Amino acid sequence: MTAVEPRTSPISFEVTHPAGVGTRARAGRLETPHGAIETPIFMPVGTNATVKALDPDDLREVGAQIILSNTYHLSIRPGHERIRELGGLHHFMGWDRPILTDSGGFQVVSLGRLREISEDGVRFRSHLDGALIDYTPEHAIAVQEALGSDIAVCLDQPVPPGSSTRREVADATARTQRWAERCLDAHARSDQALFGIIQGGLEPDLRAGSTAAIAALPFDGLCIGGLAGDESAAERRRALDVVVPLLEDDPRPRYLMGLGSPMDLLDAVDAGIDMFDSVLPARVARNATLWVPEGRLNMRNARFLDDPRPVQDGCPCRLCRSFSRAYLAHLLRADEMLGYRLATCHNLTFTLDFMATIRRAIRAGTFPQTMRQLRASRAGTNGADSRDEGRVKSE
RNA sequence: UCCGGCGUAGCUCAGUGGUAGAGCAUCGGACUGUUAAUCCGCUGGUCGUAGGUUCGAAUCCUACCGCCGGAG
């Protein structure tokens, strides 16, 4: 597929290390109005203009280069006009690095009971006060322009994972394409990039068609949506192996929406994805699951109450530098705020370090070997060996 | 000493004749473009003790033990 003639873009993406033999993994650099980021990249999620439990200093310390925030949620609270008047989202939340805003498309799925979809847009019933909210593609763009994120995203209609029929997938995918054109027409802010979203579910032909249709439009980047749901890793990989080859000559970044577990990230990088976001590491941390190279630790387990070791030996994060597993286990049981913060710091540090390791391997041309090693490590999984993490130091 | 109340899961308590429940705690699990410091599940009790009435008692009766309150 040939590249589209892009409009003047506020961002620039350069693939510094193209896909090599035996993998589609590539490394690059994305320049945005608030600085550059290195790909493949993981974006922590800060729905309400905050990555829960962390402040911007923590975010910098864990190595966040760019974060994601949410258009729908900010539009109803505190209100996008208010944020605009207060100087924009970066200033409002004290984060001067890049921000990508999700359009609210995901809320079409996550707030499934509170909305109705029509050709015009989505009518939400506010989960806060029940008010009716007419959420159109144009509105999603207007909100994002008010927020002033570096990268805006089109309103789309994700396909509910699992239970949808082929017909429903086809309809949602077609509508997402029509909405993509409306978003493009509505978007005016020249210092903000706009990404389009590819849908198509797990149907190869619908994925391919959506890829062609969205890639034909002058977006600054391409999102792949409707994955990171209930599908298996193999199903997801098959979908990516339909999409990415069609974008082989496309100069734009590829962003797989919603993916966050270490093994999932690894496989998707291998499939040729540049950008990711997910609440997973942060949410799981607040719920007491800590990711380590050998698997995961459920800090609610009684065995940690007397464990004087750090969560992860050698980890540079705020938690592992200063505190024991026993202390974290205590904090989380006591519902202490510090526990949530420290646990979140660790999992985000882990995830962002994991991505940094991947980037280094790609640049060094050793990604396939590194991938095998990382996959064998079972990082972040509930593998059979995760209970033996105390002995793994020797490897 | 008398009168009254109460003794049911680790804790706080429902359950007043038909073979025991809840919340929390414990123990374990899940979480992927956040309505999530959330959710799910498993353990766990000879219903203070001993008798009695009854086809059947946590539940009714008697005695005793313990705790609380009141009166002397």
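Below, chains carry the letters A, B, ... as their sequence lines are ordered, and counting in each starts from 1. Here the structure is a predicted model, which means the values were calculated and not measured.
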Quick one: closest heavy-atom pair of [X] and [Y], and the distance?
X: A:Ser103; Y: A:Cys154; answer: OG-O, 2.9 Å
X: A:Pro253; Y: A:Met275; answer: CB-SD, 4.1 Å
X: A:Leu155; Y: A:Pro137; answer: CD2-N, 3.7 Å

[N]: pairing nucleotide in any strand, Watson-Crick or G-U under 3.5 angstrom:
N: B:C2; answer: B:G70
N: B:A30; answer: B:U38
N: B:G23; answer: B:C11
N: B:U59; answer: none

### Message
Tell me whether the side-chain N/O atoms of A:Thr47 come closer than 4.0 Å to OP1 or OP2 in B:U34.
### Response
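Answer is yes, contact under 4.0 Å.
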### Message
Would you call the rings of A:Phe124 and A:Tyr135 parallel, tilted or perpendicular, taking 30° and 60° as the class edges?
### Response
perpendicular
#### Entry: Whole-angstrom distance between B:G28 and B:C13, as gauged at atom C1'
26 Å
### Query
Between A:Arg178 and A:Glu119, does at least one N-O distance fall below 4.0 Å, as a salt bridge requires?
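Looking at A:Glu119 together with A:Arg178, the answer is yes, because their closest N to O distance falls below 4.0 Å.
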### Message
Looking at A:Arg238 and A:Glu231, is there a salt bridge between them, counting it only when a charged N and a carboxylate O are closer than 4.0 Å?
### Response
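No, this pair does not count.
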Shorter than 3.5 Å, N or O on both sides, protein versus nucleotides 25-27 of chain B: list them out with atom names.
{"from": "B:U26", "atom 1": "OP1", "to": "A:Arg333", "atom 2": "NH1", "distance (Å)": "3.4"}
{"from": "B:C27", "atom 1": "OP2", "to": "A:Arg333", "atom 2": "NH1", "distance (Å)": "2.8"}
{"from": "B:C27", "atom 1": "OP2", "to": "A:Arg333", "atom 2": "NH2", "distance (Å)": "3.3"}

### Message
I'd like to know if A:Asn70 reaches the base of B:G33 with its side chain, counting only an N/O donor and acceptor under 3.5 Å.
### Response
no
### Query
What nucleic acid atoms does A:Glu336 come within less than 4.0 Å of, heavy atoms only: base, sugar-phosphate, or nothing?
nothing
